[in-house]
Amino acid sequence: MVDENRLRKELDAEQCKAALQISGPVLILAGAGSGKTRAVTYKIAHLISAHQVDPRRILAVTFTNKAAKEMKERIRKLLGGEAHLDWMGTFHGICLRILKLCLAQPRISEVMGWTYSRNFTIYDSDDQARTLKSVVLPILGEVESAELKKISGKISRFKNSMCLVADVAGPKVSLQTPELVKEQARFGDEEQTATFYLEYQNKLMAADAMDFDDLLFRTVQLFQKMPAVASQFANRFQQVFVDEFQDTNDIQFLLLRQMMNPARNVTVVGDDDQSIYGWRGANIGIIRSFHEDFAPVTIVKLERNYRSTSLIVKGAGSVIENNARPESMRKKVYSELEDGDPIRVFRVADDRVEADRIAEKIYSLGPTAYNETAIFYRTNAQSRSLEKALNDKRIPSVIFGGMRFWDRKEVKDLLAYLRILVNSRDDAALGRIINVPPRGIGKTSLEDLQAIARKQKLGAWEALANEVQLGTKLGGKFKAFHDMMEDLRKYLKDENSSLPILAEKLIEKSRYKIWIEEEEKDQAEERAANMGELVNALREFEEEHSDSNGGGGLEQFLQEVALLSDADKKVVEGQTRVTLMTIHMAKGLEFENVFLAGCDEGVFPLIRKSSLATTSAAEIKALEEEERRLFYVGATRAKRRLFIYSATQRFWQGTVTSFSESRFLSEIDSTAVERLDLAGSASEERTGGYSGGRSQQYGQSFGNKTFQRGGGNGFSGGSSGGYSRPQASNTIRKVYPGGIPDPDSSNKPKGPPIREIVYDEHSQENLYFKPGMMVRHARFGVGLIRGLLGTGPEAKVDVEFQDGVVRKLILKYANLTILQRE
Ligand code: ATP
Ligand code: MG
């Protein structure tokens, strides 16, 4: 029970005030690490537990899917059981849900004039570019990708910001629809952009697709046009929460207002000093004027930082003090923990030394510290040398951002096939794979097909299917591809179909794997492993939805994947590794040890010279302040130790460039920091030992073994410390006829020993499995077999697990262990 007593025990007085104020608008405005997210988590648990609020009537917005997952998990733990927080997620995820519900009602589509289905596809930036190109090309002829990006950026800005339009009752805030943009265009180029915008939106709708911006834009548009629908949702949400409120943009704020019912039970939580997404349209003014926009507001200021030791809090605070802030936003932040280690600032010779230093330091912390250690940098490009240095020391690491699994070519190609299976109007997907692997469909055939599609106002697939059916010459070229897709579609429709098996069939029938093996020998193995991982992701997804509640179709899988962001990277649970990410991604997270790399003037703050010429002094100041906030976010992720590096020269944007130290470093309160200048001794450092008085002084003041290692005391690489790098996933699973030791032996039934057999893809048949048998599944635990379906590689089994849920699993993937008495 999360009652008031518990809140009083586990939250401080101010946090309690925020959690217990369950009616009307509440603003928790507080510095980093002061327990804002914790207060929200407890408040939600308290509402469910003590006030019987139905979790399905709580809307909670987090900044990433990962943050939503973590918050759900914490609430589940507080409540001691599952809560159906269906409406906890990112703005995009929530809008997707709203749109799916609305699109199931034909009347809404009719009023809106929309032709989307509820299983519409979500386009990523590749698909957007492909679609935009098909709009722009017929008008401009050739178009460079930089130009395309510019147009795409403009369209995105239209969809993410409002404008004021004259209305009889005075100026009115309006969405920038293509029609409005067209109406307001004054010059030829503006009109042309408006035309592209309109055509692009039309193309997307014809393809039954929305881009990311559309998820919000279309929802707001719907709510504006159909206020009754908006108020249905507003009334559904008894309580509304927004974490990281400082990074809300205009359209998100508008949406929030639309979802507000008269009770206005809304809790927003944030820190204007951590607003770091201005470049993406976030508006820091929103949090700063919330108390006026939603007046009267209960404002709670949290000042005690629970995360970090005192010197870190002091040091980070002294930097952010240099930003201009409205008086009403001023907040003290202090820590009651001990002073702790000072912030350590290192000046090194170059980026290579920087990476080596960081790796050495982490190595000295030992494998047990890896999970609690993170390296942050300003730009993704900096990650490569850091990753290499860690790898050289055999320190396992995971990079968030950069090339994501879902962005790999082979993964995107296979997803494109799957997308066509659920949405045959998805022209971007079809364009992507129609001749991948090459199947003799040339440029001319494609252009002919597109011309027919345009003329007959059909989607490309529809036109293709027509041609095949009519038996035209053009159709002949597409027939094999068409038939393969139809076969797969037929399989998908079969009620006994399974998603991972569908993917396996696809990989085989499209000859994708064979093609890669033939064409790209050196990368074939890695790419095959990625394909295997995609099959695995489908298997996991299907398993997660294997209870009888339905859901879990291919459409849902594709939509979920489309919503994943860099921060949502899948990491293998239980693996020890150091985290590498940009500071932007680190928002809300915390680690014992934090390394900030690349704190050089020009790198961080990042000053883009290209934009300087066209930027006003006030805008430059705003950009600098955002960079300072970013530094503050980075520094305040550290619980115990913060190491900051700057280098006199580094390889930067193609050349070796000299840098001075970041201005932020001189802003750190001198009593919170220890500095060490190693810039003049690069080569000596590498061979061990420091020269000069300062390093000695450093060695003494920290008594730090790591930095006094001299020549070779354990840095020679190799995997000492009992750690070895994780192996690439191996599909061979072991069969344990002798029995696997039960990890929780106290649960072991008394009696003769249990014989355990693992069924895997190498087992001949599902010979062993019979209804009534007890089995164990790695995730769902022990269960009872209720039924068997089919034989061979597609055989399935119904298992009733201890949570009472019957799940349908595919034997060859389920890796079940039979528990039977001998
Ligand atoms: P950020 O600004 O980085 O988002 P935050 O204000 O959301 O930070 P939390 O992440 O909620 O802060 O809390 C920071 C840390 O302090 C967490 O480890 C949290 O568990 C701990 N903490 C917060 N409040 C308390 C408290 N009252 N008692 C003990 N620990 C607390
Ligand atoms: Mg937080």
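First listed ligand is number 1; within each ligand, the first listed atom is number 1. All residue numbers refer to positions in the sequence shown, counting from 1.
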Return yes when atom CZ of Arg76 has more than 12 non-hydrogen atoms of other residues, nucleotides or ligands closer than 6.0 Å, and no otherwise. yes

Atoms of ligand 1, numbered as shown, that sit under 4.0 Å from any heavy atom of Asp12: 27 (N)

Among Glu70, Glu244, Arg637, closest by any non-hydrogen atom to atom 3 (O) of ligand 1: Arg637

Looking at Arg675 and Glu661, is any side-chain nitrogen of the basic one under 4.0 Å from a carboxylate oxygen of the acidic one? yes

Ignoring hydrogens and angles, tell me if any N or O in the side chain of Arg637 forms a donor-acceptor pair with the backbone of Val633 under 3.5 Å. yes

Residue, atom name and distance, where the atom is the protein heavy atom closest to atom 27 (N) of ligand 1: Gln15 OE1, 2.9 Å

Heavy atoms only: which of Tyr42, Tyr632, Tyr306 is nearest to atom 16 (O) of ligand 1? Tyr306

Does Arg57 qualify as a cation-pi partner of Trp87, given the criterion of NZ or CZ under 6.0 Å from the six-membered ring centre and within 45 degrees of its axis? no

Do me a favour and list the nearest non-hydrogen protein atom to atom 5 (P) of ligand 1 with residue, atom name and distance? Lys36 N, 3.5 Å

Is there a donor-acceptor contact under 3.5 Å linking the side chains of Glu10 and Tyr42? yes

Is the Lys NZ or Arg CZ of Lys361 less than 6.0 Å from the centre of Phe595's six-membered ring, within 45° of the axis? no

Do the ring planes of Phe346 and Tyr645 sit parallel (below 30°), tilted (30 to 60°) or perpendicular (above 60°)? parallel

Salt-bridged, Asp273 to Arg325, with N to O below 4.0 Å? yes

Tell me the protein heavy atom at minimum distance from atom 7 (O) of ligand 1, and give that distance in Å. Thr37 OG1, 2.8 Å

Do the charged groups of Arg628 and Glu625 touch, with an N to O distance under 4.0 Å? no

I want to confirm something. Looking only at heavy atoms, which of Cys16, Gly270, Gly33, Ser34 is nearest to atom 1 (P) of ligand 1? Gly33

Applying a 4.0 Å heavy-atom criterion (strictly less than), which segment of Glu10 is in contact with ligand 1: side chain, backbone, both, or neither? backbone

Give me the residue, atom name and distance of the protein heavy atom closest to atom 18 (O) of ligand 1. Glu590 OE2, 2.6 Å

Closest heavy-atom contact between Leu580 and Ser397? CD1-CB, 3.6 Å

Looking at ligand 1, is there an atom of it that comes within less than 4.0 Å of some heavy atom belonging to Ala30? no

Of all the non-hydrogen atoms in the protein, which one sits nearest to atom 12 (O) of ligand 1, and at what distance? Gly35 N, 3.0 Å

Heavy-atom nearest neighbour in the protein, as seen from atom 10 (O) of ligand 1, with distance rounded to 0.1 Å: Arg307 NH2, 3.1 Å

At the 4.0 Å heavy-atom cut-off, does Lys587 count as touching ligand 1? no

Any non-hydrogen atom of Asp271 lying under 4.0 Å from ligand 1? no

Do me a favour and list the nearest non-hydrogen protein atom to atom 20 (O) of ligand 1 with residue, atom name and distance? Arg38 NH1, 3.2 Å

